[in-house]
Student: 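Quick one: the structure is below, questions incoming.
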2 protein chains.
Amino acid sequence: MAIRPAEQLIHKAAWLYYAHGLRQDQVASQLNISRASVAMYLRKARETGIVNISTSTQLFTDDVLARKLEDALSLDAVWIAPENDHIADPSTEIAVLAASVFLELVKKGDRIGVAWGRTVYMIADIMSYADLQDVTVVQLCGNLGAPYSYRPDQCTMEIARRLNAKGLNFYAPLVLSTEELARALRAEPVIREQLSGVGECDLALYSVGAVDADSHLVKCGALTSGEMAELRSRGAAGVIAGQIIDADGKVLDCSYNRRVISAELASLRAIARRLMVVQEDSKFEPLLAAIAGGLCTHLVVGARMAQRLLDHAGATTEKAS
Amino acid sequence: MAIRPAEQLIHKAAWLYYAHGLRQDQVASQLNISRASVAMYLRKARETGIVNISTSTQLFTDDVLARKLEDALSLDAVWIAPENDHIADPSTEIAVLAASVFLELVKKGDRIGVAWGRTVYMIADIMSYADLQDVTVVQLCGNLGAPYSYRPDQCTMEIARRLNAKGLNFYAPLVLSTEELARALRAEPVIREQLSGVGECDLALYSVGAVDADSHLVKCGALTSGEMAELRSRGAAGVIAGQIIDADGKVLDCSYNRRVISAELASLRAIARRLMVVQEDSKFEPLLAAIAGGLCTHLVVGARMAQRLLDHAGATTEKAS
DNA sequence: GGCCTGGTTTGACTTTTGTCGAAGGCCGTG
DNA sequence: CACGGCCTTCGACAAAAGTCAAACCAGGCC
């Protein structure tokens with residue numbers, strides 16, 4: 001597609017201003033337009049990712065706590081969002097951090113798997129725009145048509161839009177009513193192709209869900225709160241990409257899981273960089289399960305959660321020795 | 001190494017300002033410092049690459065001319081710096097563009113080979129700072145101790161400094177007086193290791209030198225202008241990483257080349273991304289030679305040079321058909 | 001202890017940038 | 001061809017950011 005003249009101007013203005021360091025009025029006279037227009041073009045350039053302003057997230061990895069956690073849980077990298085005193089909203093803080101970390105982890109040519117949830121959508125919503133060309137964002141699990149604005153396909157699309165990337169979503173329900181139908185659907189070429197493509201991803205972004213009545217699975221009607229309670233008593237510890245896992249991070253053997261259309265945990269584990277983001281303190285056990293299952297290599301959490309994880313890790317190794 | 005408190009503050013200020021979008025006075029009151037300090041911290045943050053402002057160089061690849069050149073010369077990507085009307089200084093323009101392109105091509109964990117020359121040093125000098133952690137910059141060829149400020153080791157070091165990367169330079173002379181000594185020196189473990197490490201680079205940055213009396217090789221006394229003229233009559237077409245190549249981009253069979261300590265062209269060609277930058281219009285033949293020898297995959301040139309290259313390519317294919 | 005020295009920090013000032021309503025074009029439509 | 005909607009551009013004003021000399025502080029040295 002040819003670049004529209006307006007876009008040319010935005011590029012030129014951004015180039016002169018940011019690369020050459022001219023002032024806005026100098027840019028304006030170079031391009032024979034008013035300074036106010038330059039200001040507008042520059043705003044657009046920032047909004048569309050033509051210019052990219054990113055801040056290093058080192059501060060949050062360089063923490064002692066973060067280092068200890070990396071060692072204790074043998075993760076590749078951990079970022080810890082502060083939660084002390086005057087941080088207005090810790091969960092937003094975590095999302096902002098996660099968005100930055102995510103953008104730092106994305107490389108050109110990457111294929112990115114994205115799951116679904118409030119956290120992921122919040123990150124997508126906060127994330128600044130970038131101009132990665134040949135990036136593909138794929139949806140990791142089927143849809144939950146629901147009164148929610150953060151459906152799986154929405155998460156995928158929004159992130160793709162922000163990155164200027166190609167979005168690949170598939171429109172299968174997350175969960176079907178019979179195992180038979182799920183099996184048949186998984187065998188469908190379109191679906192099978194999508195699911196097998198997950199293993200070729202370079203980067204994954206997801207959170208972990210809790211197994212309680214507040215879970216989206218319950219809210220969206222995929223499970224009743226009674227069923228959820230039952231699964232819980234049978235060892236359910238968390239939800240990853242729509243699937244229920246036990247405390248070891250293995251897929252729980254249950255009818256629900258067999259009725260789900262989603263990427264297999266094995267293909268998730270095949271993704272080199274798996275970024276997990278957890279906002280809520282209440283998701284301690286689910287997170288432990290996900291970590292136990294080797295479902296994350298990179299982790300973004302709040303300070304309180306980080307402390308709990310470290311305490312827990314310390315306690316278990318102590319017991320072991 | 002522990003982060004100094006001052007650096008912590010820079011990080012925090014940058015984070016609040018750029019990631020959260022607070023105003024400077026809001027940042028100031030959050031951190032209990034004056035707004036002026038915040039402004040200073042932010043400048044430092046930009047200068048040290050803690051925040052990264054980069055503008056897409058798409059504008060310069062999306063050119064029709066650039067596309068045609070990519071096809072005609074079968075290069076991976078070509079960037080063309082405009083040279084029309086009110087561009088004050090085309091060669092600076094090319095360097096600025098090259099610096100941006102270079103930064104766009106660098107990925108984390110890369111090993112980067114850097115050659116030497118006025119162009120490369122100018123790029124290094126203009127290039128903005130970045131905070132790549134595990135990047136290594138290696139020197140591609142021996143040193144020319146000389147009254148020049150852009151010696152090979154300087155280029156390497158400066159680029160490493162800007163990227164916050166590790167610089168690996170080796171202190172051997174570029175050219176020795178006897179072939180024997182050169183052979184012996186190349187066999188030295190330190191040198192051999194460095195030279196063999198070149199093949200493992202992911203990215204190379206160099207320009208091409210002309211074979212005339214203005215060449216650095218002559219200016220630095222490695223060759224007399226008489227010798228240079230003689231080599232020229234024997235088919236010398238350009239200089240790459242200190243070595244003289246013929247019109248086909250092959251190493252010229254001559255005593256000088258045998259006395260040089262530098263990366264072999266074969267190991268240069270083994271580098272996946274080879275960014276060549278040419279500023280001077282006079283380097284047309286040397287550039288042709290380098291391209292013929294497959295020594296570049298990515299090219300940054302001025303508009304006039306681009307046009308000449310395209311005309312030339314058109315002429316040769318016409319003749320061939 | 002007094003006294004430099006180098007680097008921060010500050011308040012006051014200047015310059016630059018963001019924004020807004022109004023005016024000006026451009027294009028498709030009636 | 002006039003009209004209205006939509007987007008761009010403009011000038012002027014308000015807000016924000018950059019800058020600088022002076023004050024300040026800590027640490028090393030006499």
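Note that the structure is predicted; figures quoted are calculated from it, not measured.
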Student: B:Met122 and B:Ser91: side-chain contact (heavy atoms from CB on, under 4.5 Å), yes or no, with the steps?
Tutor: CA-CA 10 Å; B:Met122 194 163 169; B:Ser91 88; 3.9 Å; yes

Student: Which letter, B, S or -, goes with each nucleotide of nucleotides 21-26 of chain C from 5' to 3', with contact meaning a protein heavy atom under 4.0 Å?
Tutor: ------

Student: Rounded to whole Å, how long is the line connecting atom OH of B:Tyr41 with atom C1' of D:dT19?
Tutor: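 Taking OH of B:Tyr41 and C1' of D:dT19, I get 17 Å after rounding.
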
Student: Which residues pass the salt bridge (charged side-chain N to carboxylate O under 4.0 Å, His left out) test with A:Asp110, sequence neighbours left out?
Tutor: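 Testing A:Asp110 for salt bridge (charged side-chain N to carboxylate O under 4.0 Å, His left out), a comparison that skips the adjacent residues, returns A:Arg273.
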
Student: Under 3.5 Å between N/O atoms: give me all the protein pairs with nucleotides 14-18 of chain C, atom names plus distance.
Tutor:
from   : atom 1 : to      : atom 2 : distance (Å)
C:dT16 : OP1    : A:Arg23 : NE     : 2.6
C:dT16 : OP1    : A:Arg23 : NH1    : 3.3
C:dT17 : OP1    : A:Tyr17 : OH     : 2.9
C:dT17 : OP2    : A:Gln24 : N      : 2.9
C:dG18 : OP2    : A:Gln24 : NE2    : 2.5
C:dG18 : N7     : A:Arg35 : NH2    : 2.7
C:dG18 : O6     : A:Arg35 : NH2    : 3.3

Student: Using a cutoff of under 3.5 Å, can you pull out all pairs of nitrogen or oxygen atoms linking the protein to nucleotides 20-23 of chain D, with atom names and distances?
Tutor:
none

Student: Given C:dT9, is OP1 or OP2 found less than 4.0 Å from the side-chain N or O atoms of B:Ser34?
Tutor: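 No, no such contact exists.
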
Student: Check side-chain hydrogen bond (donor to acceptor under 3.5 Å, both in side chains) between B:Glu158 and all other residues, then give those that pass, not counting sequence neighbours.
Tutor: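 B:Glu158 satisfies side-chain hydrogen bond (donor to acceptor under 3.5 Å, both in side chains) with B:Arg161, B:Arg162 once adjacent residues are dropped.
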
Student: Could you check whether A:Arg46 and A:Tyr41, counting side-chain N and O atoms only, form a donor-acceptor pair closer than 3.5 Å?
Tutor: no

Student: Regarding B:His20 and A:Glu93, do their side chains bring together a donor and an acceptor under 3.5 Å, going by distance alone?
Tutor: yes

Student: What residues, two or more places apart in sequence or in another chain, satisfy side chain to side chain contact (heavy atoms under 4.5 Å, CB included) together with A:Lys108?
Tutor: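 Counting only residues at least two positions away or on another chain, A:Lys108 forms a side chain to side chain contact (heavy atoms under 4.5 Å, CB included) with A:Leu132, A:Gln133, B:Glu104.
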
Student: Rounded to whole angstrom units, what separation is found between the CD1 atom of A:Ile33 and the P atom of D:dC7?
Tutor: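 My rounded result for the distance is 19 Å.
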
Student: Of all heavy-atom pairs between A:Tyr129 and A:Thr48, which one has the smallest distance, and what is that distance?
Tutor: CB-C, 3.9 Å

Student: If we count only N and O atoms by modelled type, under 3.5 Å, do the side chains of B:Trp79 and B:Thr57 hold a donor and an acceptor together?
Tutor: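 There is such a pair (donor and acceptor under 3.5 Å, judged by atom type) between the side chains of B:Trp79 and B:Thr57.
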
Student: Quick one: B:Lys44 NZ to D:dG18 P, roughly how many Å, whole number?
Tutor: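 Distance check: B:Lys44 NZ to D:dG18 P gives 15 Å.
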
Student: Starting from the C-alpha separation in whole Å, work towards a yes-or-no answer on side-chain contact (heavy atoms from CB on, under 4.5 Å) for B:Thr119 and B:Val278.
Tutor: CA-CA 7 Å; B:Thr119 301; B:Val278 178; over 6 Å; no

Student: Is there a side-chain contact between B:Val135 and B:Ile112, using heavy atoms and a 4.5 Å cut-off?
Tutor: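 They are in side-chain contact.
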
